Amino acid sequence: MADVSLRQLELFAALPDFTTLSAAAAHLYISESALSQAVTGLEKTVGEQLCVRRKARGLALTPAGQHFARRARRIIADTRELVLDARAGEELRGPVRFGCFASFASSVVPELLEGFSQRHAGVDLETMVGTNEDLFPALQAGRLDVVFVYDMFLPEGYQRREIYAAQLEAHLHPDHPLAASGTVDLADLADEPLIHYDLPNILTYTVEAFAARGLKPRIDARVTQVILVEALVGRGAGYGLLMSRPNVLPVSIEGRPIAVRPLDPPATSAHVVAIWPEDMILTSRAVALLDFAVEKLGGYSRDDVVSNQATSDGPRSIRTVPVVLPSD
């Protein structure tokens, strides 16, 4: 058996998060020389260079080092699970780190953080909000257990579980002529000013939805926040096209009403799914989180939301919860 300690694996598993050895050592509360010796010892045992250490250029892992760090994180995580399982009995205890796509995070994350924590008080939830470009590297590096994303443009190599269905909807100012209709035809919007929610891949499915009808959207503004789309729609600056989401009311962040209408004929449809690497086995805590998400969100439909919104006296007060945003 290779002479490698769990501590060496733990130290090396942390390296992908840092650009210098000194920064990694400070985070790990050891000296830089001790960390360097641990890495050198690993490289001698493995018989391969795992990282490049240059004072002027910082720290960079070789392809072999990146693979080794991913596997080391899995070993550390499995060891932690072994200890937790021995201690926990039937009660779930330990961490779950999940990511959530930004456009629907406000509709999903509060439900999970509040409700799941009440049901499983021994589980510590931590969440990261971002785009696929933020979430996928964190998932692959082992910093997240699972992420919630749309099932569009997903690469190979992931297991998935469906959470809820979503479809593209029109968001209109209440005084817009089309707001009086129960549904909206995309053709009637083509010449209207579109407040486009501008994130990677979203332009693709918006343009494709119009192109399927032989149309082209008139994009007057591009913004990177759903709340800004809704705020501009609420002020009458244009219309928005957003995927349907649970736990929302038809008002902007300023409290201005918004008319949300389904498209007829329907355009883009998708599912929010939970995904994780196909070579990773989810912990019992992560499985419980997905079960809870399906229980609370899986029955969501646009008709249910519209019915709830029509009978609502106004916006609900929502308890704020902390999230971890991706670093620049």
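Keep in mind it's a predicted model, so treat the numbers as computed, not measured.
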Next on the checklist: According to side chain to side chain donor-acceptor pair (under 3.5 Å), who are the partners of Q225, at least two apart in sequence or on a separate chain?
Outcome noted: none
Item to check | D145/R285 ion pair, N-O < 4.0 Å | outcome: no
Checklist entry - Between R93 and V123, what is the shortest heavy-atom contact and its length? => result N-CG2, 4.4 Å
Checklist entry - Are the charged groups of R235 and E254 less than 4.0 angstrom apart, N to O? => result yes
Checklist entry - Quick check: does any side chain N or O of Q159 sit under 3.5 Å from a backbone N or O of L282, one acting as donor and the other as acceptor? => result no
Item to check | Check: H27 ring centroid to F18 ring centroid under 6.0 Å | outcome: yes
Checklist entry - V223: what forms a side-chain contact (heavy atoms from CB on, under 4.5 Å) with it, not counting sequence neighbours? => result I195, L228, V229, L232
Checklist entry - Are L6 and L28 joined in one hydrophobic group, where the rule is that I, L, V, M, F, W and Y side chains link up if heavy atoms are under 4.5 Å apart? => result yes
Item to check | Salt-bridge contact R213-D185 (side-chain N to carboxylate O under 4.0 Å) | outcome: yes
Item to check | Pairs flagged by ring pair (Phe, Tyr, Trp, His ring centres under 6.0 Å) wherever residues 262-292 is involved - sequence neighbours left out | outcome: F116-F292
Item to check | Residues S33 and S31: side-chain donor-acceptor under 3.5 angstrom | outcome: yes
Checklist entry - Side chains of V39 and Q8: closer than 4.5 Å at any heavy-atom pair? => result no
Checklist entry - Between F148 and F104, does the ring centre distance come in under 6.0 Å? => result no
Next on the checklist: Using the rule side-chain contact (heavy atoms from CB on, under 4.5 Å), only one of T127, L125, L144 pairs with R97; which is it?
Outcome noted: L144
Item to check | Charged N-O contact under 4.0 Å between D279 and R70 | outcome: no
Checklist entry - Any side-chain donor-acceptor pair under 3.5 Å between Y158 and Q140? => result yes
